[in-house]
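Worksheet: one structure, shown below.
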Amino acid sequence: MILETIRYGIIGCGMMGQEHLRNLALIEGAEVTAIFEPDAGMRARAAELAPKAAFMPSVEALLALADLDALLIASPNYLHVPQILQIAATRPLPLLVEKPVFTDAADFGVLGALDYPAPIWVAMEYRYMPPVAALIEQAQTVTGGIKVLTIREHRFPFLEKVGDWNRFNAKTGGTLVEKCCHFFDLMRVILQDNPVRIMASGGQDVNHRDETYDGQPSDIWDNAYVIVDFARGARAMLELCMFAEGARYQEEITAIGPEARIECLVPGPGRFWPAHLGQAPVPQLIVSPRSPKGPRLIEVPVDPTLLEAGDHNGSTFYQHDRFAKVVRGRGRVEVGLQDGLWAVQMGLAAQQSARTGQAVTLDGAGRITAPV
């Protein structure tokens, strides 16, 4: 029997959870049945987006409901592991969990050994931005085999979150986990390979330097460079700056091989684009062959309805569309738990390298092997 209506239980409805609600409203046959959100302000906003949903007092109460077909975790980062384990022990339904899937290095082995009988999909929205998806599809062929990959994100500072949890490394995993696991995931997907060595430099130089919460100063970083060596010889670099919101494009991804260069340019959230400048930029894909020379620029517009539904260039919708197919037994998990583990391990390795000034190596299973 094919499941036509998917009844979702949502854990966490802050800023990202509300984006999920807006996009689920666009998915045919998706129905938000129950929500657990402990913050009163976030509950009120979520109620406007999902007026038919029941609000539950706890995760336990939500999992006890009979009419659920799938679960979504969009809670603060440091809650993901205990909530995943609770679901696994209580009611392992198909699960979409926001990135990063964990924040503490000790939990790498815990999740790696998890026996979960239903599909787990780790939310890596950047894969599904239309211009990024086009680059992923074409990059290896167009370039003749990628040798060098660069990802640059110039963007706004971290936004305010409930309880200010995103101001601290202990609750986020650090900027190179919280913010950048998306990009480390993209490196693996674009290069179709795993990392073996990571070197990084980063710090807190502009943002949040004068912010203190409950007597604790914010320690979250706002810029970094990360260099990654991959097993088959390709190199990748991430350049992150979170005090550069004046940029025309937020993400610029460039892959280069012996035959050509391909890049995509992705604007930031439309709600942050200054109205006096007119329409926000349209995403672009640019292919630049070495011979004959002649860059080809292709605009990759995003459906305005999807742009209105979130801050990720329509990707949250496309991700949900694919996850819904998995729940209905018509698709496969494209971003599994192992992908989520690799992305966080790369971020943790980068954080460690930046702190110690030493390169960090990883083995074929994603374990950090040196320095200890």
Do the side chain of Ser288 and the main chain of Pro295 share a donor and acceptor less than 3.5 angstrom apart?
no

Could you tell me whether the side chains of Glu245 and Gln250 share a donor-acceptor contact shorter than 3.5 Å?
no

Can Met346 and Phe183 be said to form a side chain to side chain contact (heavy atoms under 4.5 Å, CB included), step by step?
CA-CA 10 Å; Met346 292 174 72; Phe183 301 126; over 6 Å; no

Pro267 backbone acceptor or donor facing Asn313 side chain under 3.5 Å:
yes

Minimum heavy-atom distance between Ala359 and Met199, given as atom pair plus value:
CB-CG, 3.5 Å

So, using ring pair (Phe, Tyr, Trp, His ring centres under 6.0 Å) as the criterion, who are the partners of His182 when residues are at least two apart?
Tyr126

Any donor-acceptor pair under 3.5 Å from Asp185 side chain to Gly340 backbone
no

Between Asp69 and the options Arg328, Arg91, Arg7, the salt bridge (Lys or Arg N to Asp or Glu O under 4.0 Å) test singles out Arg7

Say whether, by atom type as modelled, one donor and one acceptor occur between the side chain of Asn23 and the main chain of His20 under 3.5 angstrom.
no

Hey, is Glu334 close enough to Arg332 for a salt bridge, meaning N to O under 4.0 Å?
no

Closest non-hydrogen atom pair between Phe184 and Ala350, with its separation
CZ-CB, 4.2 Å

I'd like to check Ile10 versus Ile73 (side-chain heavy atoms, cut-off strictly below 4.5 Å). Are they in contact?
no

Test item: Lys99 side-chain N/O and Glu178 main-chain N/O as donor-acceptor pair under 3.5 Å:
yes

Quick one: does Arg43's side chain have a donor or acceptor within less than 3.5 Å of a partner on Pro38's backbone?
yes

Heavy-atom closest contact (Val162 atom, Met42 atom, distance)
CG2-CG, 3.7 Å

Side-chain donor/acceptor of Ser353 to backbone N/O of Ala349, under 3.5 Å
no

For Thr150 and Thr254, test the side chains for any donor-to-acceptor distance below 3.5 angstrom and give the result as yes or no.
no

List the steps, then state whether side chain to side chain contact (heavy atoms under 4.5 Å, CB included) holds for Thr175 with Leu240.
CA-CA 10 Å; Thr175 297; Leu240 174 73; 3.6 Å; yes

Between Val327 and Met124, is there shared hydrophobic-cluster membership here, with clusters defined by ILVMFWY side-chain heavy atoms closer than 4.5 Å?
yes

Going through the distances and angles, do Ile84 and Val101 end up as a side chain to side chain contact (heavy atoms under 4.5 Å, CB included)?
CA-CA 9 Å; Ile84 291 169; Val101 72; 3.8 Å; yes

Shortest non-hydrogen contact from Leu191 toward Gln140
O-NE2, 3.5 Å

For the pair Asp222 (side chain) and Met242 (backbone), establish whether a donor and an acceptor sit closer than 3.5 Å, ignoring hydrogens and angles.
no

How about Tyr213 and Glu211: does a side-chain donor come under 3.5 Å of a side-chain acceptor?
yes

Gln18 and its side-chain contact (heavy atoms from CB on, under 4.5 Å) partner, picked from Arg22, Met15, Met16
Arg22

Glu4 bridged to Arg330 by N-O distance under 4.0 Å
yes

Do the side chains of Val148 and Val228 join up, straight or via other hydrophobic residues, at under 4.5 Å, putting them in one cluster?
no

Minimum-distance pair of heavy atoms, taken over all atoms of Ala260 and Thr143
O-CG2, 3.5 Å

List the steps, then state whether side chain to side chain contact (heavy atoms under 4.5 Å, CB included) holds for Leu71 with Leu68.
CA-CA 8 Å; Leu71 300 169; Leu68 292 178; 4.1 Å; yes

Audit row: His154, Glu239, side-chain hydrogen bond (donor to acceptor under 3.5 Å, both in side chains) steps and yes/no:
CA-CA 8 Å; His154 286 184; Glu239 176 188 329; 2.7 Å; yes

Heavy-atom distance under 4.5 Å between the side chains of Ile220 and Asn166, does that happen here?
no

State, with a plain yes or no, whether a side-chain heavy atom of Ile6 is found less than 4.5 Å away from one of Tyr8.
yes

Enclosure of Arg235 CZ (heavy-atom neighbours >12, cutoff 6.0 Å):
no

Going through the checks in order, is the side-chain hydrogen bond (donor to acceptor under 3.5 Å, both in side chains) test met by Thr90 and Glu60?
CA-CA 8 Å; Thr90 307; Glu60 291 88 346; over 6 Å; no

Considering non-hydrogen atoms only, spot the tightest contact between Ala309 and Leu26 and give its length.
CB-CD1, 4.0 Å

Tell me, yes or no, whether the heavy-atom count around Tyr249 atom OH, taken from other residues, nucleotides or ligands under 6.0 Å, exceeds 12.
yes

Would you check if there is a donor-acceptor pair between the side chains of Glu125 and Gln319 at a distance under 3.5 Å?
yes

Regarding His312 and Glu19, is there a side-chain donor-to-acceptor distance under 3.5 Å anywhere?
yes

Is it true that atom NZ of Lys161 has more than 12 heavy atoms of other residues, nucleotides or ligands lying nearer than 6.0 Å?
yes

Any side-chain heavy atom of Val344 within less than 4.5 Å of one from Thr103?
no

Is there a path of hydrophobic side-chain contacts, each under 4.5 Å between heavy atoms of I/L/V/M/F/W/Y residues, joining Phe158 to Phe168?
no

Can you check whether Thr172 reaches Val177 side chain to side chain, under 4.5 Å on heavy atoms?
no

Presence of salt bridge, Asp193 and Arg188, under 4.0 angstrom:
no

Does any N or O in the side chain of Thr212 come within less than 3.5 Å of the main-chain N or O of Gly215, such that one atom is a donor and the other an acceptor?
no

Should the pair Tyr128 and Trp121 be assigned to parallel (<30°), tilted (30 to 60°) or perpendicular (>60°) ring geometry?
tilted

Same apolar cluster: Leu114 and Phe108, side chain cutoff 4.5 Å
yes

Start with the C-alpha gap between Glu153 and Lys179, add the side-chain angles, then the distance that decides, and say whether salt bridge (charged side-chain N to carboxylate O under 4.0 Å, His left out) holds.
CA-CA 10 Å; Glu153 181 172 64; Lys179 181 71 209 68; 3.2 Å; yes

With no hydrogens and no angle check, is any side-chain donor or acceptor of Thr369 less than 3.5 Å from a backbone partner on Thr361?
yes

Same apolar cluster: Phe317 and Val282, side chain cutoff 4.5 Å:
no

Could I get the full list of side-chain contact (heavy atoms from CB on, under 4.5 Å) partners for Ala280, not counting sequence neighbours?
Trp273

